[in-house]
Novice: 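Handing you a structure now.
Note on naming: letters A, B, ... go to the chains in the order of the sequence lines (proteins, then strands), and numbering restarts at 1 for each one.
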Amino acid sequence: MESSLSTKHLLGIKYITSEDIRLIFETARQFKEVINRPIKKVPSLRDITIANLFFENSTRTKLSFELAEKRLSADVINFSAAASSVKKGETLLDTVNNILSMKVDMLVMRHPAPGAPMFLSQHIDASIVNAGDGTHEHPTQALLDGYSMNEKLGDLEGKKILIVGDIKHSRVALSNIFCLQKLGATVRVCGPPTLLPKHIKELGVEVSYNIRDSLNWCDVANILRIQLERQDVKYIPSLREYSQYFGINKALLDSLDKEIVIMHPGPMNRGVEITSDVADSEHSIILQQVENGVAIRMAVLFLLAGNRS
Amino acid sequence: MKVLIKNAKVLQQSSSYHGDRLDIMVENGKINAIDSAISKSADHIIQSEDTHISLGWVDIGCHSGQPGNEQRETLKSLSEAGAKGGYTHLFISPDTQPVLDNRMQVEYLQRFQSDAAVQLHTLGALSHGLLGKDLSEMLDMAEAGCKVFTDTNRSEQHTNLLQRGLEYAKSNDLCILQSPFDPSLAIDGHMHEGKQSTMLGLPGIPSISEHQALSKLIDLQKYTESKLIAHLISCKESVALIKKAKSNSNKISCTLAYQNLVHTDKALYFFDSNFKVFPPLRSDEDREELKNALLDGTIDILCSNHTPLEEEKKKLEFPYADFGMTSLEVCFSKTLETLGKENLDIIIKAISNRPRQLMGISEAKIEIGARADLTIFDPSQRWTYLKSKSLSKNNPYFGQELNGSVIATILENQININ
């Protein structure tokens, strides 16, 4: 296995190799051991300053990154757009260059515009980790999802992974597709046609509008949140109807011929895409995903720090 | 002033000199000698390894900053960029501020004179203020010299206005030039809808937002029997529609932006906003169809789609960047690179002869006694694109070595030598 990543930034899963993914998993495995010890902190990123730039709201991703950074002994500063000069009309590039002048080494950025981290990477020197850019990618989420599946099922080669819900507005879906394909899994997406991108098949995924059939097909179902905040026009008539025809509930799971693993990147709309008796059941690995998120982010930050020029 | 062009291959299919290599003397704005070898003295002697000469080139729908956005482009910088790119006639899109929608604006543009050998023409706004509601005073503008009217890509929502515009245009044999686009089918769209937009998570501008609007435009043309130029078609479905429409009517023609001939949506893989243009760069298949359609004459005119934008509008996160690329200076070279020298005749037809016919530019010829309206170029010469005459720098080609260079343009007494 390679000992370093092929890239200086993590901008999207499509821009990294399957070797990169395996290296991140292996490194995360070691960090997961670390964070389960009584002393959870390692000095790996001492003297490295990381800025978390969140131009869009986030709870778990932000906390997870901050925790990962602190476990690695990095110095951390936080920035959120609500309390910033962005509202006064400053450009992203100016904002970031100002922060970098304060001798920041790495950036973790969430931004509403697809491609914003890529744009930044073309104009600045610091390493960038994309923590979600609009409807483009959310690479660390896909990595922690892939890692969690890997933990549960072993090698993902030939495994059948279903992604359910609002694929059109989901950066998680896109990053998951790229990640799982690079690990050899077969991916199917399922949801109402208006929430599936018209050309999604061209990415090499299967497409279905039938939830029962799809659940029966898969080894893992990754249930996405309905992103009402990213829908300018209504793509589905009502949440009630969505829940009725695409929501995952216990009765539906019980009626399957097999047991499957249930995942959700959070935050969940309980009672909409997933019912509580599924989210809290033994099939669900939702909380393991969150735990793995910290280890994955430690691995990403650690490996990228080693690749800084 | 005397200008002697040495050993130039003449490219003008209607001329008896077509295909010949000749010396041409221009004196006091007119061609006064054409011979296999002219040995008279001249103020300027123009020659290159593989000199070619054609009638001056014409660009339709290029965007000017002036009036309103002079930081992007002035009429002077636009003319100079045009001359550098080989053009002697530029038809300026009416979407300036204020909009070019009345006689005064047409005359304002006509009064402008630069040293560049370029004549500026107005594409008149079809509707007042480009609002798609009331017809502009087309006859009054026509009297001032404006023969072609457009609501750019804005008025597809206003079917009724288009119908009235097409009908009204008939009274003076005017022509309507319209970009087919239905924005309601491309909400928040930033690039062609396809595999690439899906991979980039960007909302798409599907081909149907164009060809559905084109279909309507063609129906309206059929109903009104007016002259229509479908401007900047970009997808394979539009090519099929134009082909069919042309078999039914000789009053329909269409244009293509060279970007859609040269690039595809794959250019956007790294979110380079320089490639964010409108109409959007489409798929390989679309590009292939457009290329065939240009070669077989289905597409009449090749345009630069020159859209100058200041850095503040382009150096941004991709979705926030404006659409457009500066292109007058490179349109010919990039096209030549794509189509090859073997198709030079077709390229010249699409940037000179056809637009001259369709836009009603007063007749020019490569004959003794004809007024000089000429572009001299060398399709074999390579050049490096280092500096632009345009005030804006929004294109991806700086520093590139390009194929085929423009040597000079002559418009009567004005000469521009690169």
Novice: Hey, could you give me each pair passing salt bridge (Lys or Arg N to Asp or Glu O under 4.0 Å) that has a residue in residues 174-192 of chain A? Not counting sequence neighbours.
Specialist: A:R188-A:E206, A:R188-A:D213
Novice: Would you check if there is a donor-acceptor pair between the side chains of B:E337 and B:N403 at a distance under 3.5 Å?
Specialist: no
Novice: Give the C-alpha distance, both sets of side-chain angles, the deciding distance and a yes or no for side-chain hydrogen bond (donor to acceptor under 3.5 Å, both in side chains) between A:T61 and A:Q141.
Specialist: CA-CA 8 Å; A:T61 303; A:Q141 179 69 46; 5.1 Å; no
Novice: Heavy-atom cut-off 4.5 Å, strictly under: side chain, backbone, both or neither for A:E137 against chain B?
Specialist: neither
Novice: Answer with side chain, backbone, both or neither: which region of B:Y269 has an atom nearer than 4.5 Å to a non-hydrogen atom of chain A?
Specialist: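 It is both, since atoms from each part get that close.
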Novice: Please state whether the side chain, the backbone, both or neither of B:E312 comes within less than 4.5 Å of a heavy atom of chain A.
Specialist: neither
Novice: For chain B, which of A:I177, A:L92, A:I200 has the most heavy-atom pairs under 4.5 Å?
Specialist: A:L92
Novice: Is it the backbone or the side chain of A:L93 that comes under 4.5 Å from a heavy atom of chain B, or both, or neither?
Specialist: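 The answer is the side chain of A:L93.
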Novice: Measure from the side-chain N and O atoms of A:T135 to the backbone N and O of B:G201, and report whether any donor-acceptor pair falls under 3.5 Å.
Specialist: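 Confirmed, A:T135 side chain pairs with B:G201 backbone.
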Novice: Step by step, work out the side-chain hydrogen bond (donor to acceptor under 3.5 Å, both in side chains) result for A:T95 and A:N98.
Specialist: CA-CA 5 Å; A:T95 304; A:N98 273 285; over 6 Å; no
Novice: Counting only heavy atoms closer than 4.5 Å, note whether A:P114 contacts chain B via side chain, backbone, both or neither.
Specialist: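 Interface part for A:P114: both.
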Novice: What option among A:K168, A:H111, A:E202, A:H136 has the most heavy-atom pairs under 4.5 Å with chain B?
Specialist: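 So the answer, after comparing A:K168, A:H111, A:E202, A:H136, is A:H136.
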Novice: For residues 260-278 of chain B, which residue pairs pass the salt bridge (Lys or Arg N to Asp or Glu O under 4.0 Å) check, not counting sequence neighbours?
Specialist: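 Pairs touching residues 260-278 of chain B that pass the test: B:K266-B:D284.
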Novice: In terms of heavy-atom proximity below 4.5 Å to chain B, should A:K14 be classed as side chain, backbone, both, or neither?
Specialist: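 Both backbone and side chain of A:K14 come within 4.5 Å of chain B.
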